[in-house]
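Lettering of chains follows the sequences in order, A, B, ..., and the numbering in each one begins at 1.
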Protein chains: 2
Amino acid sequence: MGADADQELSSIDRIRDAAIDLFGEHGFRATSLRSIADAAGVSQALIIHHYGTKQGLRTACDQHVTDQVRSRKKETVGGAAGGGHFSVVQQLQDAPRLLRYLTRAMTEGGEHTAALIDDMLEDALEYMEAGERAGMILPSRFPRDRAAVLLLWSLGALTLHEQVSRLLDVDLLAGDDAPESLGRYFRPALELYSQGLITEQTGEGLLAALPDDPDSARPTHDEEH
Amino acid sequence: MGADADQELSSIDRIRDAAIDLFGEHGFRATSLRSIADAAGVSQALIIHHYGTKQGLRTACDQHVTDQVRSRKKETVGGAAGGGHFSVVQQLQDAPRLLRYLTRAMTEGGEHTAALIDDMLEDALEYMEAGERAGMILPSRFPRDRAAVLLLWSLGALTLHEQVSRLLDVDLLAGDDAPESLGRYFRPALELYSQGLITEQTGEGLLAALPDDPDSARPTHDEEH
DNA sequence: TCGCTGACTGAACACTCAGTCAGCCTAGGG
DNA sequence: CCCTAGGCTGACTGAGTGTTCAGTCAGCGA
């Protein structure tokens, strides 16, 4: 599939798309220009002709993926805001190739991914503030850091999709083929998000054990007199 | 530092340790046998002489790291069980090189890491059952899947330690140098674990929206008539 | 028809890689 | 003193890499 669409695209775009697929699947270093050229149906010299160097091609891929993600975000903004940070995942569920590339770029040090993650954090924060006003999300003493932790957990699970698949039989990168089989991941996650994991007093005890707590008074003793 | 200890080790072990460091830092493909040989103070040919192939060296590294993790687990078993799955992280906090290698192996497909993760899941499950009996951890409808999700979140945050450092200024791989500065990660995490993220009714609503829920009836509507 | 441009190519280049091999050096036994 | 064995090495090989380059070809304006 997609062969017709490939024919309609220019060589430049076909090269970029093939590179995104192969970089995302095998990684940057493990992907040779020859394999990209073969997948795109061009000579490897043409890649250099258009993108200068392999790094230049990678930069173009980074840029294109981040642009795609940002544009897709606009489409779904204001949509199902209930999921909080889930929205970041859901809005990309139909683009497994983009997700593959992103997770790869996060561990291999992509160029524009840092800025993109910052974007995602801002979005997650906005979603959660909206959910908080709607009475769906509980307030936090560390709203920004909480959103960051939630975002990192989601993205981390995505990068470990292979292990997720092994332990839970859930393919987070499957796309819209089987969205109903994500339950074994989302059900325990939802349970954790709704009822929590530990009792409140246990949490307070562990929180007090952490050094230099910023504002809360320590129940056992106080340093200022 | 460590030069004396390196001298005491045999060439075989020095090669393996250098490989673990470099594989963990730069990845398997990006690390050449030459750089490993330089770091270990031996010739490149000696690596092949001892380990046969580069893949053989990698397998030996996998084996050694998993052995180390397993042995360290025994040391700290029955220790501070309060943290639930945190124990997996805490017991390795003084071994950043092992963690680096592990996170790398998880994304690059290490050989023995799958079995090791299975081990970790079993441990996490045991810890959480103990915590549940002690009244610190809440019961779950999906105990095993919940433990898997928590484990994957922790390991995922570890693999994204670069982004964790950027967003929260917390170095999860720092080791015992600065354990007190992990607060910006653990405080929101503890808050989430104790109070949760969303209200119970919101959670029930989202849970009911998931298809083929195994046992609970759907409160809003039913498709079968 | 001519000259020009730009997409495009095959062959070659310089380089790095993992792996091979003949032989070095030294310790230990005779 | 020689001899041998084995840990160990420098030099080498073939394969694979990104990049360069001379040159082909189709299209276009004059």
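- We find that CZ of A:Arg58 is positioned 17 Å from P of D:dT17, with the value rounded to whole Å.
- With contacts defined as side-chain heavy-atom distances shorter than 4.5 Å, the pair A:Ile48/A:Lys54 does not qualify.
- For B:Ser11 and D:dG7, the shortest distance from a side-chain N or O to OP1 or OP2 is not below 4.0 Å.
- OP1 or OP2 of C:dA7 has at least one side-chain nitrogen or oxygen of A:His49 nearer than 4.0 Å.
- With sequence neighbours excluded, no residue satisfies side-chain hydrogen bond (donor to acceptor under 3.5 Å, both in side chains) with B:Arg100.
- Regarding A:Asp38, its CG atom lies at a distance of 14 Å from the C1' atom of D:dG16, rounded to whole Å.
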Task: Step-by-step side chain to side chain contact (heavy atoms under 4.5 Å, CB included) determination, B:Leu150 to B:Ser154 - done: CA-CA 6 Å; B:Leu150 288 168; B:Ser154 294; 5.6 Å; no
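- Between A:Tyr51 atom OH and C:dC8 atom P there is a gap of 11 Å when expressed in whole angstrom units.
- The distance from atom CZ of B:Arg14 to atom C1' of D:dC8 is 12 Å, rounded to the nearest whole Å.
- Backbone-only contact: B:Thr31 has heavy atoms under 4.0 Å from sugar-phosphate atoms and none from a base.
- Between B:Leu46 atom CG and C:dA22 atom C1' there is a gap of 16 Å when expressed in whole angstrom units.
- With sequence neighbours left out, the salt bridge (Lys or Arg N to Asp or Glu O under 4.0 Å) criterion links B:Asp62 to no other residue.
- Residues forming a salt bridge (Lys or Arg N to Asp or Glu O under 4.0 Å) with B:Arg184 (at least two apart in sequence, or on another chain): A:Asp145.
- For B:Arg166, the salt bridge (Lys or Arg N to Asp or Glu O under 4.0 Å) partners two or more places apart in sequence, or in a different chain, are A:Asp118.
- Applying the ring pair (Phe, Tyr, Trp, His ring centres under 6.0 Å) rule to A:Phe23 yields the partners A:Phe28; only residues at least two apart in sequence or on another chain are considered.
- Between B:His50 and D:dC8, a side-chain N or O to OP1/OP2 separation shorter than 4.0 Å is present.
- Phosphate proximity of C:dG10 to A:Ser43: absent, as no side-chain N or O sits under 4.0 Å from OP1 or OP2.
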Write down the protein N/O and nucleotide N/O pairs, taken from nucleotides 19-23 of chain D, whose separation is under 3.5 Å; answer none if there are no such pairs.
residue	atom	partner	partner atom	Å
D:dT19	OP2	A:Lys54	N	2.7

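- The CD1-C1' distance, from B:Ile47 to C:dT20, rounds to 15 Å in whole Å.
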